[in-house]
Amino acid sequence: FLVLVEGDALRPAVARNDGKLALEDEQQQFSRSVVQRVIESGAPVLTDDAGEDPRFSAIQSIQAYGLHSIICAPMAAQGQMRGALYLDNRFQDGAFKEEDLELLSALASQAALVIFSSGLMEEQRRTRDLLNRYVSPEVAEELLLRSDLSLVARRQEVSVMFSDAPSFSLLEIGRAS
């Protein structure tokens, strides 16, 4: 499972079974309590026998889903928790080893960076689209390239004066003819 943090909720973004088949919503049975613990602590979890592990034995989902081995790693980037990668085995104790935890943690770090980067790209696209409503695309690109520029919206009362230089409008009309 790839589980994302969305506000205060956890959302499984990708879920596969041992046959690599996508799981439907009703089939997405995993221990949200374990994932929540990993996200809150920022520390990965590895348990050989979740039902007997004192950290997890009282968790209802562990018993209800018959979870034996669990491995879960946090996905954090730029100081923000993005979610977690979670694997479980319902048939075998000790299915995961310390090396598996190291690999899953590395994958989780990479996934967090990709998610963070895609968020930055989406934010830049939205900013570009907004700027393009008011300035030419060339000016919008120049503004986006400037790192010293802060594009923060604020409410401010302003006065605008429209004026027409004498005969300027007539000159423009004459050019169009």
Side-chain angles (χ1 to χ4, degrees), residues 1-132 141 144-145 147 150-153:
F1 289 87
L2 186 150
V3 182
L4 297 177
V5 174
E6 291 185 348
D8 291 337
L10 299 176
R11 182 181 65 84
V14 178
R16 301 276 187 265
N17 65 13
D18 58 352
K20 299 182 182 98
L21 299 174
L23 298 175
E24 300 300 323
D25 288 345
E26 64 276 358
Q27 297 171 316
Q28 294 181 1
Q29 299 174 341
F30 66 99
S31 178
R32 289 178 183 273
S33 299
V34 171
V35 173
Q36 189 67 44
R37 177 183 291 216
V38 166
I39 287 171
E40 287 173 359
S41 70
V45 161
L46 169 65
T47 182
D48 291 330
D49 186 357
E52 297 299 320
D53 189 323
R55 299 174 296 173
F56 308 117
S57 59
I59 296 175
Q60 187 177 5
S61 60
I62 301 289
Q63 305 305 324
Y65 302 144
L67 303 177
H68 288 265
S69 299
I70 299 174
I71 186 172
C72 186
M75 295 188 320
Q78 303 297 314
Q80 292 184 348
M81 189 60 65
R82 304 291 175 178
L85 290 181
Y86 169 96
L87 301 171
D88 64 39
N89 187 307
R90 295 155 195 247
F91 308 107
Q92 179 184 351
D93 290 342
F96 306 114
K97 304 293 180 223
E98 194 65 37
E99 300 83 38
D100 299 319
L101 183 61
E102 290 173 16
L103 177 61
L104 191 68
S105 294
L107 290 172
S109 294
Q110 292 297 310
L113 287 172
V114 168
I115 291 167
F116 178 75
S117 295
S118 69
L120 287 179
M121 290 171 54
E122 177 62 22
E123 182 179 328
Q124 189 175 38
R125 184 197 60 76
R126 282 194 311 266
T127 302
R128 181 180 291 109
D129 290 348
L130 181 63
L131 286 171
N132 283 338
E141 286 303 318
L144 289 171
L145 291 174
S147 61
S150 175
L151 298 174
V152 177

message: If we ignore hydrogens and angles and just use 3.5 Å, is the side chain of Ser69 paired with the main-chain N or O of Asp48 as donor and acceptor?
response: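 Indeed, once roles are kept as given, a pair shorter than 3.5 Å links the two residues.
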field: Atom pair CG (Leu104) and CG (Leu46), whose distance is rounded to the nearest 0.5 Å
entry: 10.0 Å
Compare every heavy atom of [Y] with every heavy atom of [X], then report the nearest pair and how far apart it is.
X: His68; Y: Gln92; value: CB-O, 3.5 Å
X: Ala84; Y: Val35; value: CB-CG1, 4.0 Å
X: Gly83; Y: Ile39; value: O-CG1, 3.9 Å
X: Arg55; Y: Asp53; value: NH2-OD2, 2.7 Å
X: Arg82; Y: Phe116; value: NH2-CD1, 2.7 Å
X: Leu101; Y: Pro44; value: CD1-CB, 3.6 Å

- prompt: Can you name the side-chain hydrogen bond (donor to acceptor under 3.5 Å, both in side chains) partners of Gln63, sequence neighbours left out?
  reply: none
statement: Residues passing the side-chain hydrogen bond (donor to acceptor under 3.5 Å, both in side chains) test with Ser61, sequence neighbours excluded, are Ser31
Answer yes or no: is there a side-chain heavy-atom contact under 4.5 Å between [X] and [Y]?
X: Phe56; Y: Ile70; value: no
X: Ile62; Y: Ser57; value: no
X: Arg32; Y: Val3; value: no

message: Are there over 12 heavy-atom neighbours, none belonging to Glu52, within less than 6.0 Å of that residue's CD?
response: no
- prompt: Got more than 12 heavy atoms from elsewhere within 6.0 Å of CD, Glu6?
  reply: yes
message: Applying side chain to side chain donor-acceptor pair (under 3.5 Å) as the test, list every pair that has at least one member in residues 34-45; sequence neighbours left out.
response: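 Matches after skipping sequence neighbours: Gln36-Glu40.
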- request: Check Asp49, Asn89, Asp88, Ile59 against Leu67 for a side chain to side chain contact (heavy atoms under 4.5 Å, CB included) and give me the one that passes.
  value: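 Passing option: Asp88.
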